[in-house]
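A short worksheet on the structure shown next.
Each chain gets a letter, A, B and so on, in the order its sequence line appears, and its residues count up from 1.
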Amino acid sequence: MTQHHDPIRPFGGFGLGLRKTHYDDFLAGPGEAGVPVDFAEVISENYMVEGGRQLRVLEQVRERFPVILHGVSMSIGSAGGLDTDHLEKLKRLERRIDPLWVSDHLCWTRTSAHNSHDLLPMPLTEAALSAVCANIDQAQDHLGRAMLFENPSSYLTFPEDDLSEWEFMAEMTRRTGCYLLLDVNNIYVSARNHGFAAEDYLAGLPLERIRQIHLAGHDPATPERDIIIDTHDRKVADGVWDLYAKAIAMLPHPVATMIERDEHIPPIAELLAELDRARGIADEALVPA
Amino acid sequence: MSEAADLKARQEAFLRAILDEGAPLPEDWTNRQAAGLAVYRGNYRSALVGALESTFERTARYVGESAFKQASAHHAITHPPAGWTIDEVGIGFDATCAQLFAKNPEVADLAWLEWTMLQVATGPDVEPFGPGAFAEATGGFGDEDWMELRLEFQARSSARIVETNLTILWKALEEASDLDRPDPRLAEPQGCLVWREGERPTFQLLAPDAVTAFTAMQDGAAYGEIVTTFAGSDPEPEQVQDAAMRAGALLGEWLKEGLVVGLKT
């Protein structure tokens, strides 16, 4: 196992993504009911700015909660290498916020000419693994800390694939010393789209490297579209809750769990109710049989 | 071709296929992969259109949902983004609006204002150079020093000539309602200056020559050049006096509003 950076210690809390519509909830003053979470996660790129209110709000939230920086644009799978401007601005934000950890996705988003602003799928090949690992080494060295990478949801696989996604991720963590952010909804979506067993995915991962779990909603398949789409615009589906229960029972240590909602964002009470459900499932998993 | 170069070529082809629905798919792909690619194509377009909707809320409200969706889809296709922040898809959207809504210049003016307000909102936090500090710094200035005075303005502050009463239009579009929407066209073009007061982006309509002076000084012109421009060619002493008064008044406004953050040496 490559381990150039300080290990990331397990953190067993429950949190939410910080979204503009909930700023006031997170910044409740003394005497007001605060948001009962153990951490807040933010989309890094939204705060990789020079100044202004948004950045000040994040600093105020950081005074109240541990914060996780979760990126969507690192493009760790780009064969053309990382965008050094992105990396430098991320480092600046990381220094400013002192987050619990920094994460991004196992995907690519851009070429040298264009950016898709979507999490595009990696071919699961040795060549892709080498490119990903070289980029992770560069990112972790630049930030001076180990990172977490999230399994994406995907809508196609490539004919040239010669690894499963879990084998790819296991080898990626072994070669780079990075950690994993397990998106249970993404496993559910990809398992359904590509016809593998979600349980095989879980069993094939290096569970001791998982530090965080994401839970989110998806758009089910329809008669016209036999593909499930990861949408983050609705409640977590029952099948995803079941998979979460299985995952949490398998993990050798506590992890941070959060609900992700990016569209149709409801009042915070609705998200907190989902977070309570996660707490209940985790509590049950910890009760000895 | 090396494995790394092959991966790069495949990623370029994949992204081309997302951007261009007519691009050929790899020969070894099946219907399953084509269906998956259709999802990525849909995600790409909806993400860009969504980003434009969120940046240009008022413009969308003004032109209506259907027209805005067409304009934003056109812009996303003709201006595929390259940078890491999705906000960049808004670059040049005012020009797209000027082209698509040629008979309604207020649409491009409004889009420019929304874009500029967003840029100003996330600019660096710099303390303004207030009237007191300015007076202290220029206390010993002689005539030549004044003529050579150059100012550093708040980063990302911006100005342009507009044909629209953006003050009225901005307020009218604050709410989703489209009732009582005033005719926003100005009888004569005016200037519009955008800057930040503390953390709050703001703007003001002003005389066109104020925009000319601001833009010139932002681009590095000296205070003396502004006075000369205002005075016109071959001026009478009275005209020079008036020009100096006019430039002085503008300088006072800029200092009062916190637009000046330093003197350039």
- Message: At a 4.5 Å cut-off on heavy atoms, which part of B:A35 comes close to chain A: side chain, backbone, both, or neither?
- Response: both
- Item | Residue, of A:Q54, A:M74, A:K89, that accumulates the most heavy atom pairs under 4.5 Å with chain B | A:K89
- For the candidates B:P201, B:G36, B:P81, which exhibits the highest count of non-hydrogen atom pairs separated by less than 4.5 Å from chain A? B:P81
- Task: Select one option (side chain, backbone, both, neither) describing which atoms of B:R200 are under 4.5 Å from chain A's heavy atoms.
- Result: neither
- Message: Rounded to the nearest 0.5 Å, what separates atom CG in B:L15 from atom CG in A:L120?
- Response: 6.5 Å
- Task: Indicate yes or no for a side-chain donor-acceptor contact from A:E50 to the backbone of B:D125 under 3.5 Å, with no hydrogens or angles considered.
- Result: no
- Are any non-hydrogen side-chain atoms of A:I227 and B:R32 less than 4.5 angstrom apart? yes
- Query: Does the distance from a Lys or Arg side-chain N to an Asp or Glu carboxylate O, for A:D118 and B:R45, drop under 4.0 Å?
  - Reply: no
- Are any side-chain N or O atoms of B:E12 and backbone N or O atoms of A:A113, one a donor and one an acceptor, separated by less than 3.5 Å? no
- Message: Counting heavy-atom pairs under 4.5 Å with chain A, which one of B:F14, B:Y44, B:W29 comes out on top?
- Response: B:F14
- Item | Nearest heavy atoms of A:L156 and B:Y40, plus distance in Å | CG-CE1, 4.1 Å
- Query: Which bit of B:I86 is near chain A, if near means a heavy-atom gap under 4.5 Å: side chain, backbone, both or neither?
  - Reply: both
- Message: Using 0.5 Å steps for rounding, measure from the CD atom of B:E3 to the OG1 atom of A:T125.
- Response: 7.0 Å
- Identify which part of B:T122 has an atom lying under 4.5 Å from any heavy atom of chain A, answering side chain, backbone, both or neither. both
- Query: Measuring heavy-atom distances to chain A, does B:L37 have an atom under 4.5 Å in its side chain, in its backbone, in both, or in neither?
  - Reply: both
- Which of the residues B:S2, B:G83, B:A4, B:A47 is involved in the greatest number of heavy-atom pairs with chain A at under 4.5 angstrom? B:G83
- Item | B:R10, part contacting chain A, at a heavy-atom distance under 4.5 Å | side chain
- Message: Parallel, tilted or perpendicular, judged at 30° and 60°: which one describes the rings of B:W84 and A:H86?
- Response: perpendicular
